[in-house]
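In what follows, chains are A, B, ... by sequence order, proteins preceding strands, each numbered from 1.
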Amino acid sequence: MQVFGLYNYWVVIILMMIGLYVVIASGNLIKKIVGLNIFQTSVFILYISIGKLDGGTAPILVEGVTSYSNPLPHVLILTAIVVGVATTALGLALAVRIHGAYGSIEEDEIQEQDNAS
Amino acid sequence: MLSLLTATALAVARLDQLFAAVMLFGIYSLLSAALFVVMDAVDVAFTEAAVGAGIAIILMLGALALTSHKQHPVPRSRHWMALSVVVITGAALIYGTLDMPLYADPNAPAHLHVVPRYLQQSMQEIGIPNVVTSVLASYRGYDTLGETVVIFTAAVGVIGRLGIVPEGKVGPKTGGMEHHLILRITAKLMLPVILVFALYVQFHGDFGPGGGFQAGVIFASAFILYGLVFGMESVTTVAPPVVVRSLAAIGVLIYAGVGVVSLLMGSNFLDYNLLGHEPTHGQHLGIFLVEFGVGVTVAASMISLFYAYASYQREK
Amino acid sequence: MISTQLPALQVVIPLLAGPTCLLLHHSRLSWGLATSASWVALFISLALLDQVLATGPISYELGGWAAPWGIEYRIDEINAFVLLIISGISAITISFARASIEHEVHNKQVYLVYTGWMLCLSGLLGIAITGDVFNVFVFLEISSLSSYLLISLSRDRRALTAAFRYLVMGTIGATFILIGIALLYMMTGTLNMSDLAARIPSVSDTRTVKIAFAFLTAGIGLKAAMFPMHFWLPNAYAYAPSAISALFAGTATKVAIYLLLRFFFTIFGVEFSFETMKLDRILLPLALAGIFVASTVAIFQTDIKRMLGYSSIAQIGYMVLGVSLVSVTGVTAAILHLFNHALMKTALFVALGCVFFRVGSVTRGDLAGIGYAMPWTMGAFVLGGLSLVGIPLTVGFISKWYLIVAALEQQMWWLAGLVLISSLLALVYVWRVIEIAYFGTPGDRSTEIKEAPATLLIPTWILITANIYFGVDTSLTVGVAERAAQALLGNVS
């Protein structure tokens with residue numbers, strides 16, 4: 001039971017770490033943003049897992065139902081999703097501009113050009 | 001479902017083809033939305049599907065179109081560095097799970113403190129069935145104001161970085177797909193449906209999943225579809241960039257304005273109780289107005305983002 | 001009636017000014033609005049500090065919902081002081097910004113600078129004032145996103161990559177904080193800071209809370225550019241427009257240090273942070289390494305803004321050092337340095353802004369002989385630099401003095417010695433600028449260079465005067481810092 005009850009969290013952690021790996025390892029700016037998205041989406045799953053309740057239903061009050069899943073993590077994650085897409089939009093815009101200024105979105109090539117100038 | 005997610009994430013990590021990686025991320029996002037439904041978070045699922053699988057992917061594809069499609073392979077040294085960071089962080093987190101309450105345990109502290117009031121009293125205090133909306137727009141309405149400001153900031157940022165087409169300077173008609181008869185007719189048929197659906201989602205948030213944010217995204221998607229099919233010129237005539245950008249600011253001001261009105265009426269910032277003749281009526285009105293503000297800002301911001309990417313492409 | 005609403009107005013006024021600046025769509029009008037909003041915010045923060053000192057902590061329920069169900073604003077000595085620092089620095093640098101920004105940013109984007117500035121200000125104030133950990137995250141993101149924008153608005157293309165790197169690092173930091181909040185919520189069921197402080201002791205021996213602590217420390221440390229998580233900072237400061245560098249130098253990392261204090265002392269409590277987690281044993285070596293490594297790197301920088309960036313990392317080291325001593329004097333020193341460093345670093349950055357305005361560059365080679373062409377500007381730089389080194393009669397001296405006293409209280413003679421030696425490193429890098437400015441052979445263009453205009457010099461000298469005034473009359477700063485430190489440490493003992 002112990003192992004099964006935590007299994008969910010472990011998978012979520014593995015997902016987070018795949019995202020984080022992409023962010024750190026990838027030298028491509030857009031791939032980094034994709035990595036950030038995976039990282040963040042996985043954290044969202046962590047939050048929603050906290051809110052789940054055995055036998056609960058969606059937190060929309062209906063007569064006759066007494067057990068609901070926890071709505072607070074849902075609210076927090078709605079906010080976090082918006083924050084995430086905002087960051088993505090700005091990061092991608094910067095990447096596009098960087099491509100305009102350097103002709104590349106690979107970190108090492110940009111670094112070379114900066115060192116050369 | 002979780003193993004599917006893991007497989008998708010791994011594939012995204014391994015792919016060097018950025019286009020495919022982005023598409024797979026879209027699938028990842030949809031899978032997580034499905035998972036959210038399973039875990040009873042219908043509002044979140046709705047938003048994740050609209051944002052993660054929708055807007056984020058459109059933005060990523062737009063960025064790819066303006067840059068390159070393939071990434072360089074990861075250098076070996078960097079691979080090991082990243083791997084070690086990830087293994088240490090992951091191990092720390094797994095260590096942290098060992099004392100956690102089990103998944104879906106009804107006696108977890110998170111379910112026993114703070115939340116019971118939302119579930120038991122929001123009906124008397126606020127009077128709408130969707131508890132997520134009550135918490136989002138009233139109990140923690142201030143966070144949502146912050147969230148609206150965040151999306152506004154991003155729109156300002158993208159406009160600042162990519163520019164936005166000034167009126168009347170929209171260049172020749174390119175990029176549209178107006179020659180595809182079937183596409184045009186389908187789009188014409190779809191548009192009103194999408195707009196009506198957006199309005200429904202906007203105003204139905206009290207009872208079911210939905211609200212300003214989701215509605216804003218759907219509303220914006222109608223304009224994006226219109227722009228894609230009929231070309232930028234047509235869509236900027238219907239919704240001029242300057243107007244759209246101003247609307248993004250106005251939405252924030254509507255939300256914060258509700259707060260200021262409540263201040264002027266002698267209660268605390270964003271306290272809706274005095275807005276109506278009785279508290280629940282005030283709450284209804286307050287939530288309606290702030291959700292409207294959110295919807296306006298989100299829709300306008302998303303359309304601005306689309307314009308910014310499209311106009312930057314044109315400049316090139 | 002209005003005085004009870006001040007906590008909300010503190011954040012909401014800049015928050016409303018931001019979108020309005022966008023609607024105005026006019027450089028000067030936006031600047032005028034943003035400047036007024038900034039000064040109003042400063043007066044509100046003064047009123048709040050006064051209120052807190054007179055009557056104790058203030059609690060404000062947003063939306064009229066009582067904590068922990070609603071979001072609470074909670075102001076005590078420490079964050080009233082931080083609010084004053086942020087709004088004060090913002091008010092003075094924005095007065096400086098008009099000419100400088102018009103010179104350094106593309107004309108059509110000037111109004112965006114002020115939109116971003118107001119959003120950033122409300123974000124920073126929002127982080128400092130709130131009593132709710134998730135609200136911290138939301139406002140952290142407002143300030144971060146607007147920072148990325150503000151940095152990238154510079155005409156230098158390297159600002160784009162600096163902003164991108166900051167965005168990636170900042171988002172990782174924010175996501176770590178989000179994970180930390182999730183774990184805390186899981187174990188306690190609450191997001192309110194006071195409520196957390198009350199509920200954590202009963203679960204403080206769980207691994208989950210310990211990992212939450214680690215993630216929050218790492219995430220906020222990243223935002224604070226705490227060594228060795230500082231890599232994003234030097235370029236971000238170096239390539240941003242001058243006025244923006246000045247704003248960030250005085251506010252952004254300060255807010256993050258404040259958050260660390262808040263989490264270590266108020267939320268987790270001294271006992272958990274320093275006895276269970278033995279945090280001081282990690283912080284002390286990291287702080288020292290940060291001070292020495294960053295100061296040494298600073299000596300070898302040719303770009304002076306970049307040099308000041310590295311210097312900031314070292315100065316953050318001093319604050320962390322004060323915290324790691326876990327005594328009233330040590331924490332007082334850290335809080336004092338929060339204020340004092342904001343004064344000196346902002347002064348130095350605005351002085352460099354004056355240089356950039358006339359010379360168009362701040363690399364060492366281009367500054368040769370500038371001391372004679374721009375006597376007021378460089379005079380300000382020298383005084384600011386002396387304050388950074390910690391010469392008596394400047395604020396820098398006061399911080400170092402309290403830090404050394406705190407070290408001596410615990411019989412750590414070697415630590416006091418190290419602080420003194422590290423000041424010599426600061427002397428070296430400041431001296432290298434003075435040397436080239438006054439003793440370098442002027443280049444061909446030097447005859448064309450004039451003194452900066454009064455609109456730039458006046459704010460610069462206000463900051464320099466503050467550096468000296470608060471270096472002589474310490475009753476306000478030391479008084480508040482001591483009370484704040486006592487309040488922070490007194491929570492448990």
| query | Considering only heavy atoms from C-beta outward, does the side chain of B:Ser122 approach that of A:Leu61 to under 4.5 Å? | reply | yes
Residue from B:Met60, B:Met39, B:Gln120 scoring the most non-hydrogen pairs under 4.5 Å with chain A is B:Met39
Ring centroids only, cut at 6.0 angstrom: are A:Tyr21 and B:His79 within range, meaning strictly under it? yes
Item to check | Side-chain touch A:His74/B:Val131, heavy atoms, less than 4.5 angstrom | outcome: no
Got B:Tyr103 and A:Tyr7 here, is their nearest side-chain heavy-atom distance under 4.5 Å?
no
Under 4.5 Å to a heavy atom of chain A? For B:Ile94 that would be both
Inset, instruction - Check whether any side-chain N or O of B:Asp43 sits under 3.5 Å from a backbone N or O of A:Val75 as a donor-acceptor pair, and report yes or no. - result: no
With chain A, the option among B:Arg140, B:Glu48, B:Gln214, B:Met123 that has the most non-hydrogen atom pairs under 4.5 Å is B:Glu48
The reported gap from CG in B:Leu66 to CG in A:Leu92 (rounded to nearest 0.5 angstrom) is 10.0 Å
Looking only at B:Thr89, B:Val42, B:Val37, B:Ile55, most heavy-atom pairs under 4.5 Å shared with chain A are made by B:Thr89
In terms of heavy-atom pairs under 4.5 Å with chain B, the winner among A:Ile60, A:Ile24, A:Ile14, A:Ile98 is A:Ile60
Residues 2-16 of chain B vs side chain to side chain donor-acceptor pair (under 3.5 Å), sequence neighbours excluded, gives B:Asp16-B:Gln71
Turns out that what part of A:Ile105 lies under 4.5 Å from chain B's heavy atoms comes down to side chain
From the list A:Pro71, A:Ala25, A:Ala86, the residue making the most non-hydrogen contacts under 4.5 Å with chain B is A:Ala25
Flag for A:Ser42-B:Tyr28: side-chain donor and acceptor within less than 3.5 Å:
yes
Under a 4.5 Å cut-off applied to non-hydrogen side-chain atoms, are B:Leu5 and A:Ile45 in contact?
yes
- [ ] Ignoring hydrogens and angles, tell me if any N or O in the side chain of A:Lys31 forms a donor-acceptor pair with the backbone of B:Gln17 under 3.5 Å.
- [x] no
task = Indicate yes or no: at least one non-hydrogen side-chain atom of A:Tyr9 is less than 4.5 angstrom from one of B:Leu93.
result = no
Sorted by chain and number, sequence neighbours left out, salt bridge (charged side-chain N to carboxylate O under 4.0 Å, His left out) with A:Glu106 holds for none
